[in-house]
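Worksheet: the structure to be examined is printed underneath.
Values below: all heavy atoms of this structure, side chains included; hydrogens, waters and symmetry mates excluded. What you see is a predicted model, and the numbers here were worked out from it, not measured in a lab.
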Amino acid sequence: MNKLPIRIIAIFTALFICFISFAKTKTVDYHHKPFSPTHGCIMHYSVEKQDSSFYIIATVVADQLSFLAEPQMKIKTFNNDTITLKGVNIGRGQGYVGTVAPGLMLYEASSIAQFPVTPQQFELIKDGVAKIRISMTPTDHEKTFKKDKIGKKIYNLFLEQQATEEEAF
């Protein structure tokens with residue numbers, strides 16, 4: 001019996017498990033496929049509250065991209081407001097996804113950074129994100145949107161965190 005279909009099923013199962021793990025956490029994400037095939041990535045954004053501060057947690061899943069030690073995120077809204085966030089790299093991970101062929105294994109590398117955001121900055125983000133640029137190595141990540149795909153969703157994650165805080169009292 002040919003083992004290739006079994007391997008393909010195993011790969012899709014592993015990818016599905018990864019997808020489900022991200023789906024359980026409330027994230028906003030997109031795939032970025034630039035002209036250079038080596039710098040494509042999947043970006044995930046979530047909002048967390050630690051102590052009395054709010055943070056955007058950004059995760060990049062890519063073979064070659066990772067956050068700098070102190071990354072910077074620039075967001076341009078559809079109202080032409082520019083927001084500059086200075087963050088901190090909080091980790092890098094690599095997970096085994098599966099075997100594609102004998103001797104060829106598939107790994108998923110990720111890098112995570114957190115960026116402090118004020119409630120006033122979230123109010124600007126809710127107008128929609130037109131462009132985002134994040135300093136990374138070996139090259140910066142930059143994505144331009146024709147229509148809002150992440151701004152309102154990130155703002156809604158912020159509202160959920162605020163509601164969770166108010167319910168705690």
Side-chain angles (χ1 to χ4, degrees), residues 15 18-94 108-169:
L15 291 173
C18 290
F19 174 77
I20 293 298
S21 67
F22 276 113
K24 287 184 181 179
T25 61
K26 295 184 179 189
T27 62
V28 175
D29 26 87
Y30 59 83
H31 294 249
H32 180 63
K33 298 175 187 166
F35 296 118
S36 169
T38 58
H39 299 299
C41 65
I42 301 171
M43 291 297 303
H44 301 280
Y45 301 95
S46 61
V47 175
E48 297 293 330
K49 183 169 191 233
Q50 299 171 7
D51 299 324
S52 60
S53 301
F54 290 97
Y55 296 88
I56 291 178
I57 308 297
T59 304
V60 59
V61 179
D63 289 337
Q64 297 184 8
L65 290 175
S66 62
F67 290 107
L68 300 174
E70 295 179 352
Q72 185 178 52
M73 180 188 298
K74 287 193 174 198
I75 299 171
K76 183 176 181 181
T77 69
F78 281 102
N79 288 341
N80 283 330
D81 294 314
T82 301
I83 304 164
T84 301
L85 307 173
K86 296 181 189 264
V88 176
N89 185 332
I90 58 174
R92 181 152 175 81
Q94 183 170 326
E108 181 179 79
S110 62
S111 183
I112 304 170
Q114 68 179 16
F115 299 86
V117 186
T118 66
Q120 294 79 16
Q121 289 170 322
F122 278 114
E123 290 295 325
L124 296 174
I125 291 172
K126 85 174 178 185
D127 295 329
V129 173
K131 186 174 186 177
I132 190 163
R133 180 184 302 145
I134 306 172
S135 56
M136 293 188 178
T137 182
T139 185
D140 290 350
H141 167 73
E142 187 171 306
K143 176 80 172 174
T144 303
F145 301 96
K146 291 181 181 174
K147 62 179 185 172
D148 183 42
K149 296 200 183 259
I150 63 172
K152 290 177 185 160
K153 293 177 183 177
I154 289 174
Y155 180 73
N156 287 335
L157 292 175
F158 163 68
L159 293 178
E160 288 176 21
Q161 285 295 320
Q162 271 190 325
T164 303
E165 172 192 355
E166 291 172 4
E167 289 174 6
F169 285 108

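With contacts defined as side-chain heavy-atom distances shorter than 4.5 Å, the pair Tyr45/Thr27 does not qualify. Within the 4.5 Å cutoff, the side chain of Leu85 has heavy atoms near those of the Gln121 side chain. His44 is listed as a side-chain neighbour of Val61, based on a closest heavy-atom distance under 4.5 Å. Residues Gln161 and Glu48 have side chains in contact (heavy-atom distance under 4.5 Å, counting atoms from C-beta outward). Side-chain atoms of Ile132 and Glu142, non-hydrogen and from C-beta on, never get closer than 4.5 Å to each other. Ile90 places none of its side-chain heavy atoms less than 4.5 Å from the side chain of Phe67. Inter-residue side-chain proximity for Glu123 and Tyr155 is flagged as met; some heavy-atom pair is nearer than 4.5 Å. In this structure, Ser46 and Tyr55 have side chains that are not in contact, with every pair of non-hydrogen atoms separated by 4.5 Å or more.
Going from atom CD of Gln114 over to atom CE of Met73 covers 11.0 Å, rounded to the nearest 0.5 Å. In this structure, CG on Asp29 lies 12.0 Å from NZ on Lys149, to the nearest 0.5 angstrom. Rounded to the nearest 0.5 Å, atoms NZ (Lys74) and CD1 (Ile134) are 13.0 Å apart. Rounding to the nearest 0.5 Å places CG of Leu124 at 4.5 Å from CD1 of Ile83. A distance of 8.0 Å separates NZ of Lys126 from CG of Leu159, quoted to the nearest 0.5 Å. The distance from atom CG of Asn79 to atom CG of Asp127, rounded to the nearest 0.5 Å, is 4.0 Å.
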Next item on the list: For the pair Met43 and His31, evaluate side chain to side chain contact (heavy atoms under 4.5 Å, CB included) and give the outcome as yes or no after the intermediate values.
Entry: CA-CA 6 Å; Met43 291 297 303; His31 294 249; over 6 Å; no

Next item on the list: Just do the side chain to side chain contact (heavy atoms under 4.5 Å, CB included) check on Glu160 and Lys26 with the steps written out, would you?
Entry: CA-CA 10 Å; Glu160 288 176 21; Lys26 295 184 179 189; 3.0 Å; yes

Margin query: Working note: Asn89 + Ile112, criterion side chain to side chain contact (heavy atoms under 4.5 Å, CB included); need CA distance, chi angles, decisive distance, verdict.
Written below: CA-CA 6 Å; Asn89 185 332; Ile112 304 170; 5.8 Å; no

Next item on the list: Start with the C-alpha gap between Thr82 and Ile75, add the side-chain angles, then the distance that decides, and say whether side chain to side chain contact (heavy atoms under 4.5 Å, CB included) holds.
Entry: CA-CA 6 Å; Thr82 301; Ile75 299 171; over 6 Å; no

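A pairwise comparison of heavy atoms in Val47 and Ile154 identifies CG2-O, 3.7 Å as the closest pair. Pro71 and Ala113 get closest at one heavy-atom pair: CG-CB, 3.8 Å. His141 approaches Tyr30 most closely through the heavy-atom pair NE2-OH, 2.8 Å. In terms of heavy-atom proximity, Leu65 sits nearest to Pro138 at CD2-CD, 4.0 Å. Shortest non-hydrogen contact noted between Cys41 and Ala62 is CB-CB, 3.7 Å. In plain terms, the two heavy atoms of Ala58 and Phe115 that are nearest each other are CB-CE1, 4.0 Å.
Using a 30° and 60° split on the angle between ring planes, Phe54 and Phe158 fall in the perpendicular class, above 60°.
By the 6.0 Å contact criterion, NZ on Lys143 is enclosed, its count of non-hydrogen atoms from other residues, nucleotides or ligands being greater than 12.
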